[in-house]
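Right, one structure below, let's go through it.
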Amino acid sequence: MMEIDTQQYKELGNFIKTRRERIHPSQVGISDTSRRRTLGLRREEVAMLAGIGVTWYTWLEQGRHIQISPSVLHSIARVLMLNEYETLHLFELAKLTPEKPLQPIQTLKPIFQHVLDSLVYSPAILLDIYWNVVGWNAAYTAAFVDVSQIDISHRNLIKMMFTHSEYQKRFENWEIKAKEMLARFRVSCAGYSKDPWLRRGIESLREESEEFNTWWPLHEVEPEREITKTIRHPEVGNLFFEHTVFMTPENELRLHIDTPLRHTETEAKLKQLLSR
């Protein structure tokens, strides 16, 4: 088992606590008509159902340095009714999966820019492991924002989502989309929790964005998946896309592609924007 540091223990404890608080006693077969001061299950109830000591579980939530085994984590995940992705996140926080090597991308290979440029009418960006935007195409500039005009220190998709007003205006139901993006970001960066750049970035965002500061401690996690999205463009109106994400294994780059939804005027509107 890999050693985890103080901050990692706190993250692990906070994650478990948020999940405990959302489980109603009736969901795990506990009948309780008394008034509760605690949201969700009590610590002693989780410990009992998981077959572990109350003191040990309390220390776990408090972020103390204790020995953690896979079998105990599986028991806790079962009691807290964690889904597949939450369970994976739990194990990554406990460092029961190998920590990923940290290799941020500084420059973009020409071959990757060629891929972006070939997606003529599909807005596309490439992100590094921190979700910094390291590449984009003309369609992305036309549909979203001109990334080249954003200071390089702010070219981060999460930072843009929470602090860039023009980027935020592009999204219908911004709050929902921002929460979803944050949950996917948390999953992708769980293996890099010790990294000082990532920690500084998160602390900076907590200071800059009230929403980020409120939602980050909730520990919501979800996987990447194919979705449809609506982008509100100030000149041509709504644009409708199918959103997909692909990974490059060697470089750990994330390719985000928004393909115009069929049977809409989105592609025609993009052609109009790009012809200017």
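FYI, side chains are in, hydrogens and waters are out, and symmetry mates aren't considered; it's all heavy atoms of this structure.
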With a 3.5 Å distance limit and no angle check, can you tell me whether [X] reaches the backbone of [Y] through a side-chain donor-acceptor pair?
X    : Y    : value
K177 : Q168 : no
Q113 : W136 : yes
N173 : I176 : no
R155 : V147 : yes

Testing the basics here: between [X] and [Y], what is the closest heavy-atom pair and its distance to 0.1 Å?
X    : Y    : value
P123 : L270 : CD-CD1, 4.0 Å
V187 : H89  : CA-ND1, 4.3 Å
S122 : A139 : C-CB, 3.8 Å
R170 : P234 : NH1-CD, 3.4 Å
W174 : M161 : NE1-O, 3.0 Å
Y9   : R64  : CD2-O, 3.1 Å

Is [Y] reachable from [X] through a run of I, L, V, M, F, W or Y residues, each pair having side-chain heavy atoms under 4.5 Å apart?
X    : Y    : value
W59  : V54  : no
L198 : I158 : yes
L119 : F240 : no
W56  : V46  : yes
I227 : L157 : no

Inset, instruction - Under 4.5 Å between side-chain heavy atoms, chaining through other members, with only Ile, Leu, Val, Met, Phe, Trp and Tyr counted: pull out the rest of the cluster around V120, sorted by chain and number. - result: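 Members besides V120, by chain and number: Y121, L274.
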
If you count every heavy atom of other residues, nucleotides or ligands that lies below 6.0 Å from [X] atom [atom1], does the total exceed 12?
X    : atom1 : value
K229 : NZ    : yes
K17  : NZ    : no
E265 : CD    : no
W215 : CH2   : yes

Inset, instruction - Check the pair E222 / K179 against salt bridge (charged side-chain N to carboxylate O under 4.0 Å, His left out), numbers first and verdict last. - result: CA-CA 10 Å; E222 68 173 54; K179 286 180 177 178; over 6 Å; no

Hey, are the side chains of [X] and [Y] touching, using non-hydrogen atoms and a 4.5 Å cut-off?
X    : Y    : answer
L182 : E220 : no
P260 : F241 : yes
I23  : E45  : no
L93  : I16  : no
R22  : Q27  : no

Inset, instruction - Give the C-alpha distance, both sets of side-chain angles, the deciding distance and a yes or no for salt bridge (charged side-chain N to carboxylate O under 4.0 Å, His left out) between R42 and E21. - result: CA-CA 8 Å; R42 298 187 177 102; E21 291 176 343; over 6 Å; no

Parallel, tilted or perpendicular for [X] and [Y], by the 30°/60° rule?
X    : Y    : value
Y130 : W197 : tilted
F91  : H74  : tilted
F185 : W216 : tilted
F171 : F144 : tilted

Interatomic spacing from [atom1] in [X] to [atom2] in [Y] - rounded to 0.5 Å:
X    : Y    : atom1 : atom2 : value
T248 : L253 : OG1   : CG    : 4.0 Å
M160 : W131 : CE    : CH2   : 12.0 Å
R19  : L41  : CZ    : CG    : 13.5 Å
L126 : L255 : CG    : CG    : 5.0 Å
L12  : H219 : CG    : NE2   : 9.0 Å
L90  : L73  : CG    : CG    : 4.5 Å

Inset, instruction - Any chance you could lay out the side chain to side chain contact (heavy atoms under 4.5 Å, CB included) test for V133 and I150, step after step, and finish with the verdict? - result: CA-CA 10 Å; V133 181; I150 299 175; over 6 Å; no

Atom pairs and distances, donor-acceptor, side-chain atoms in residues 78-85, under 3.5 Å, two or more places apart:
residue, atom, partner, partner atom, Å
R78, NH2, L49, O, 3.3
N83, OD1, Y85, N, 3.0
N83, OD1, E86, N, 2.7

Inset, instruction - Show your reasoning for whether side chain to side chain contact (heavy atoms under 4.5 Å, CB included) applies to I125 and L116. - result: CA-CA 7 Å; I125 54 173; L116 291 170; 5.7 Å; no

Legend entry - Presence of salt bridge, E92 and R186, under 4.0 angstrom: no

Legend entry - N-O pairing of K10 and E61 below 4.0 Å: no

Please list every donor-acceptor pair under 3.5 Å in which a side-chain atom of residues 201-208 meets a protein atom from a residue at least two apart or in another chain.
residue, atom, partner, partner atom, Å
S204, OG, E208, OE2, 2.6
R206, NE, N213, OD1, 2.8
R206, NH2, N213, OD1, 3.2
E208, OE1, K159, NZ, 3.2
E208, OE2, K159, NZ, 2.6

Inset, instruction - State which residue, out of N137, V115, T244, fulfils the side-chain contact (heavy atoms from CB on, under 4.5 Å) condition with I257. - result: T244

Legend entry - Steps toward side chain to side chain contact (heavy atoms under 4.5 Å, CB included) verdict (R43, R20): CA-CA 8 Å; R43 287 173 174 171; R20 170 175 62 82; 3.8 Å; yes

Inset, instruction - Under the side chain to side chain contact (heavy atoms under 4.5 Å, CB included) rule, what do E226 and E242 come out as? Steps first, then yes or no, please. - result: CA-CA 7 Å; E226 296 72 36; E242 294 175 322; over 6 Å; no

